[in-house]
Each structure stands twice: as C-alpha cells, then as structure tokens.
Amino acid sequence: MHYSLRFEWLGMVFDISTILMILVTSLVVLFMCIGMTRKLTSATPGGTQNVMEWIVDFVTGITKSYITPKKAAGFVSLALTLFLYIFLGNQLGLLFNVNTAHHNSHGQEVSQGFIDMLTVSTSNEMKQQKLEKVTEELNSTDPHAHGVVIGWWKSPTATPSVTFALALIVLLYSHYLGIKKSFGGWLKHTFLNPIHILEEFIIKPLTLPLRLFGNIFAGEVLIAFLLSVGIFGSIPLFIWLGYSVFVGSVQAFIFTTLAMVYLSQQVNEDH
C-alpha cells in the first residue's frame with residue numbers, strides 16, 4: 001500500500017504528491033507547446049511543427065463537430081488545453097515509479113509531524129484507523145516489510161479530486177455560457193424538465209470525472225501489482241503499459257469530446 005503526505009488548510013485536505021504532479025503536468029504541457037511552436041514558419045514546416053499542427057487540427061475537428069463553425073474557433077484553445085493536459089497527465093504515471101520507504105529503527109525514528117501528515121483525514125475515526133496502520137508498518141520487525149511506502153510520482157488524473165475539478169470547470173463554464181446567452185432559456189433548459197435536472201446536476205458531474213479517474217487509477221493499480229511480482233510480471237507489464245498508453249489517449253479524447261458536447265448544448269442556436 002502506498003501512502004501520501006497530506007496537510008490540512010481551511011478545513012480542506014491537500015495531497016502533496018497530487019499537487020506536485022499537477023504542477024509537473026502543467027509545466028510539461030507548457031514547455032512542450034513552447035518547444036514545438038518556437039520555430040513556426042509559413043514555409044515547409046519541420047517535424048515538431050507538423051505534430052503540433054496535426055494536434056490542433058485534430059482538436060479543431062472535435063470542436064467543430066459539435067459547436068457551430070462561427071463559434072467553434074473561440075473554444076479550440078480550451079479543447080486543446082484539456083486534451084493536452086489530460087493526455088500527458090494520463091501518460092506521466094507510466095514513465096516512472098518514484099517511491100520512498102520509511103520505518104522506525106534504532107537511532108532513526110520517524111518524526112511525529114511526518115506521522116501527522118500521513119494520517120490527515122476528514123474524520124477522527126479514519127485518522128485513528130490510519131494511525132494504527134501506519135504505526136504497525138513503521139514498527140514492523142518483518143525483514144521483508146518495506147515500512148511505510150510513499151508514492152511521489154503518479155498520473156494526476158488517477159486522483160478523483162483532479163478529475164472532479166476538471167469536470168467542474170467544464171460544467172460551470174457551460175452554465176455560465178448558457179446564462180450569458182439567455183438567462184430565461186437557461187432556466188427553461190435546466191429546470192423545467194426533471195430529466196434535465198437529473199442530467200445537469202447528477203449524471204454529468206459524476207460520469208464525466210469518474211470515467212477518467214476509474215480508467216487511469218485501475219491501470220496504475222495493475223501496474224503496481226505487476227511490478228511487485230518481479231521478473232514474472234515483465235511480459236504482462238510490457239503489454240499492459242502499451243495498452244495503458246492507448247487507454248490514456250482514448251480517455252483524453254472522450255473527456256474533450258464530452259466537454260465540447262456540453263458546451264455546445266449551451267451555445268448553439270438550436271438549444
């Protein structure tokens with residue numbers, strides 16, 4: 001079992017490894033875009049410009065498939081940001097397995113502050129359960145035990161708080177556009193039909209983030225298992241890593257497509 005260091009601020013719990021991976025993914029997207037566009041030319045483009053143009057054309061195609069052409073251009077940058085962030089975030093967890101092991105030994109005790117960060121929780125009961133488990137693993141005398149293992153490197157999209165935040169941004173923005181377009185029309189579309197109420201406030205907020213989180217998290221759990229079985233898991237691990245690249249790409253496409261669908265429902269003239 002892998003743990004994470006957490007801290008509490010204003011009643012909210014923050015996961016340090018998740019924050020780290022959010023920043024890493026953002027920087028990877030930023031520097032990749034800068035690197036691929038810093039030598040743009042109207043003449044025969046080079047390899048990196050060709051790749052970037054293909055990505056932009058691909059995302060533009062998704063956007064224009066659902067949003068009317070005269071409005072689609074205003075949403076391409078959002079779609080491109082979502083696609084690149086989710087695609088690269090999905091793949092980052094496949095590259096490395098960065099963990100640190102901690103245990104109590106003679107002359108080397110884990111600090112109380114460190115234990116407090118391992119057991120931060122939203123309820124006292126959960127905190128007590130974590131404390132008992134952490135204490136047991138830190139003080140284990142089993143020579144094969146690794147102590148408390150902290151995972152530092154993972155896909156940010158393998159954390160539900162990240163996928164729910166991405167979905168919340170898309171859904172709140174779509175409602176903002178609907179209100180901006182016509183407050184009366186937004187009220188009619190959103191609240192007059194019970195099915196629309198269910199769709200807008202339960203189905204969309206749950207299915208959009210959980211689909212992404214579930215696929216990426218399950219993939220990383222299986223990768224961790226295959227790594228734990230040693231050389232016997234080498235061939236299955238290699239196959240699964242290839243499949244995980246495919247799954248991560250498909251999930252980025254699905255999330256971006258659904259985001260454009262939800263936005264189109266608020267901005268297209270026929271809605």
Side-chain angles (χ1 to χ4, degrees), residues 1-26 28 89-165 209-210 212-241 243-244 247-248:
M1 177 180 178
H2 289 178
Y3 291 86
S4 296
L5 293 180
R6 299 177 177 182
F7 64 92
E8 189 173 355
W9 183 63
L10 297 178
M12 298 179 289
V13 176
F14 294 86
D15 188 308
I16 294 177
S17 61
T18 299
I19 295 173
L20 173 66
M21 292 310 302
I22 289 172
L23 293 175
V24 168
T25 305
S26 301
V28 169
N90 291 348
Q91 312 305 334
L92 283 178
L94 307 177
L95 297 178
F96 306 106
N97 184 36
V98 182
N99 304 313
T100 55
H102 307 265
H103 54 84
N104 288 329
S105 59
H106 296 294
Q108 186 178 6
E109 296 284 329
V110 173
S111 69
Q112 185 59 46
F114 187 83
I115 294 176
D116 290 341
M117 295 183 74
L118 285 172
T119 58
V120 168
S121 186
T122 54
S123 70
N124 291 330
E125 290 182 3
M126 291 180 63
K127 183 173 183 177
Q128 185 60 35
Q129 291 176 0
K130 286 185 178 181
L131 180 59
E132 293 174 0
K133 184 66 175 177
V134 166
T135 303
E136 178 185 348
E137 295 187 11
L138 284 174
N139 298 314
S140 175
T141 57
D142 184 352
H144 301 291
H146 299 290
V148 170
V149 179
I150 298 176
W152 293 100
W153 189 277
K154 60 183 178 181
S155 295
T157 46
T159 304
S161 58
V162 175
T163 60
F164 271 89
L210 287 177
L212 175 59
F213 161 70
N215 279 276
I216 304 306
F217 177 75
E220 294 199 355
V221 168
L222 185 54
I223 289 172
F225 169 75
L226 293 174
L227 286 171
S228 68
V229 300
I231 192 172
F232 299 105
S234 299
I235 295 178
L237 177 62
F238 179 77
I239 296 172
W240 185 254
L241 284 174
Y243 180 68
S244 295
V247 170

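None of the values given here were measured: they were computed from a predicted structure.
The minimum heavy-atom distance linking Ile216 with Gly248 is given by the pair CD1-CA, 4.2 Å. Scanning all heavy atoms of the two residues, the minimum distance from Ser17 to Ser4 falls at OG-OG, 3.5 Å. Nearest heavy atom pair, residue Ala158 against residue Glu220, reads CB-OE1, 3.8 Å.
To the nearest 0.5 Å, atoms CG (Leu212) and OG1 (Thr157) are separated by 5.0 Å. Rounding to the nearest 0.5 Å gives a distance of 5.0 Å between CD of Glu132 and CD of Gln128. Remark: Leu23 CG to Thr18 OG1 distance equals 11.0 Å, nearest 0.5 Å. Distance check: Ser234 OG to Ile239 CD1 gives 11.0 Å after rounding to the nearest 0.5 Å. The distance from atom CD1 of Ile235 to atom CG of Leu226, rounded to the nearest 0.5 Å, is 12.0 Å. Summarising the geometry, atom CG belonging to Leu20 is positioned 7.5 Å from atom CH2 belonging to Trp153; distances are rounded to the nearest 0.5 Å.
When Leu131, Val110, Val148 are each tested for a side-chain contact (heavy atoms from CB on, under 4.5 Å) with Leu118, only one passes: Val148. When each of His102, Glu137, Lys133 is paired with Tyr3, the side chain to side chain donor-acceptor pair (under 3.5 Å) condition holds for Glu137 and for no other. The side-chain contact (heavy atoms from CB on, under 4.5 Å) with Phe7 is formed by just one residue from the set Val120, Val13, Asp15, Ile19; it is Ile19.
The backbone N or O of Lys127 lies less than 3.5 Å from no partner atom in the side chain of Thr119, so there is not a single donor-acceptor pair.
Qualifying side-chain hydrogen bond (donor to acceptor under 3.5 Å, both in side chains) partners for Ser244, counting only residues two or more places apart in sequence or in other chains: Trp240. Listed by chain and residue number, Phe213 satisfy the ring-ring contact (aromatic ring centres under 6.0 Å, His included) test with Phe217 (two or more places apart in sequence, or in another chain).
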Let's go through Ile115 and Leu138 carefully: what are the C-alpha distance in whole Å and the side-chain angles of both, what is the deciding distance for side chain to side chain contact (heavy atoms under 4.5 Å, CB included) to 0.1 Å, and is it a yes or a no?
CA-CA 10 Å; Ile115 294 176; Leu138 284 174; 4.0 Å; yes
Assess the residue pair Leu237 and Ile223 against the criterion (side chain to side chain contact (heavy atoms under 4.5 Å, CB included)); give the C-alpha distance rounded to whole Å, side-chain angles, the decisive distance to 0.1 Å, and a yes or no.
CA-CA 7 Å; Leu237 177 62; Ile223 289 172; 4.0 Å; yes
With side chain to side chain contact (heavy atoms under 4.5 Å, CB included) as the test, would you mind laying out the steps for Ile16 and Met117 before giving the verdict?
CA-CA 10 Å; Ile16 294 177; Met117 295 183 74; 3.3 Å; yes
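A side-chain N or O of Asp116 and one of Gln112 form a donor-acceptor pair less than 3.5 Å apart.
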